[in-house]
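Accompanying notes for the structure given below.
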Amino acid sequence: MTVNRRLDIEVTFNCTHNPDDSYGGDATYRQTGSTPDMGTVVDSNGAINLDRAASFDSSVYNNNVDIYLTLVTPSGVSPDNITTPVAWATQYGQGVTLHPPEGGGTLGEFSVETVPGNPNQMVIRDKDDDSNTYNYKPAVELLEHDHYYISLDPPIVNRPPAR
């Protein structure tokens, strides 16, 4: 029986405190590992390009990819020069939502769950078998600011290399 491939990504949220007292921000993404070695498939803005993944031994691994997103906390807040605890969203929305491409694709391609025992880690289980580009929207909540909800939206490109 074959096992899923694994991709590990560290997400650092950069919070902005706006003059109208609202919050916003962006994130930087860093690929911290993969099993088997996929090469570099994640860019700093969070795009996951599985079409760039190195070939793998299909007698050991299947096409499925478990994408582990680990949120770094606390988050720096600019221009205030402070930090604030952040967590994947749970109170006002989901930690990750997925959106199919226009003209094709289904969300049955994916499942999303929080990793038991680690609320700062989410896993997206991707079948990686339909050659479509999906948008995934990680969302964080600012814990000391009434769970203020902020969503982001990098893409996942599902285009498995020819084997």
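- No donor-acceptor distance shorter than 3.5 angstrom exists from the side chain of N49 to the backbone of D51, with no hydrogens or angles considered.
- When the side chains of ILVMFWY residues are joined at heavy-atom separations under 4.5 Å, either directly or via intervening members, V96 and V41 end up in a single hydrophobic cluster.
- Under the 4.5 Å side-chain heavy-atom criterion for ILVMFWY residues, a single connected hydrophobic cluster contains both I67 and F110.
- A donor-acceptor contact shorter than 3.5 Å is absent between the side chain of T84 and the backbone of S75.
- Rounding to the nearest 0.5 Å places CD of E144 at 8.0 Å from CD1 of I82.
- Within the 3.5 Å criterion, the main-chain N or O of S59 finds a donor-acceptor partner in the side chain of D57.
- Counting only heavy atoms from C-beta outward, the side chains of F13 and I150 approach each other to under 4.5 Å.
- Note on V11: it clusters hydrophobically with L7, by side-chain heavy-atom contacts below 4.5 Å among ILVMFWY residues.
- Clustering ILVMFWY residues whenever any of their side-chain heavy atoms sit less than 4.5 angstrom apart, transitively, puts M122 in the very cluster that holds I9.
- C15 is listed as a side-chain neighbour of L142, based on a closest heavy-atom distance under 4.5 Å.
- Contact between M38 and R6 at its shortest, heavy atoms only, is CE-O, 3.7 Å.
- Looking only at distances, no side-chain donor or acceptor of N18 sits under 3.5 Å from a matching main-chain atom of D20.
- Contact between H147 and Y92 at its shortest, heavy atoms only, is O-CD1, 3.2 Å.
- Using bins of under 30°, 30° to 60° and over 60° for the plane-to-plane angle, the ring pair Y61/F56 lands in the perpendicular bin.
- Considering every non-hydrogen atom in both L152 and A27, the closest pair reads CD1-CB, 3.6 Å.
- Of all heavy-atom pairs spanning T70 and Q121, the tightest one is OG1-NE2, 2.8 Å.
- Transitive grouping of hydrophobic side chains (ILVMFWY, heavy atoms separated by less than 4.5 Å) keeps Y68 and L98 in distinct clusters.
- Here the NZ-CG distance, from K137 to N135, works out to 7.0 Å after rounding to the nearest 0.5 Å.
- Interatomic distance, OH of Y148 versus CG of D21, reported as 8.5 Å (0.5 Å rounding).
- Remark: the backbone N or O of P36 is not paired with any side-chain donor or acceptor of R5 at under 3.5 angstrom.
- E141 is listed as a side-chain neighbour of T90, based on a closest heavy-atom distance under 4.5 Å.
- Considering all non-hydrogen atoms of both residues, Y149 and A89 come closest at CE1-CB, 3.6 Å.
- Proximity of a side-chain donor or acceptor of Q31 to a complementary backbone N or O of G39 within less than 3.5 Å is detected.
- Of the possible donor and acceptor atoms, none in the side chain of Y29 sits under 3.5 Å from a partner among the backbone N and O of I48.
- Looking only at distances, a side-chain donor or acceptor of N45 sits under 3.5 Å from a matching main-chain atom of A47.
- Between the NZ atom of K127 and the CG atom of N4 there is a distance of 11.0 Å, given to the nearest 0.5 Å.
- Between V72 and T12, the shortest heavy-atom distance links the atoms CG2-OG1, 3.6 Å.
- Formation of a donor-acceptor pair under 3.5 Å by the E10 side chain with backbone atoms of T32 is not found in this model.
- Between the side chain of W88 and the backbone N or O of N120, at least one donor-acceptor pair lies under 3.5 Å.
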Checklist line | Chi angles and distances behind the side-chain contact (heavy atoms from CB on, under 4.5 Å) call for L69, Y136 | finding: CA-CA 12 Å; L69 301 172; Y136 73 107; 4.0 Å; yes
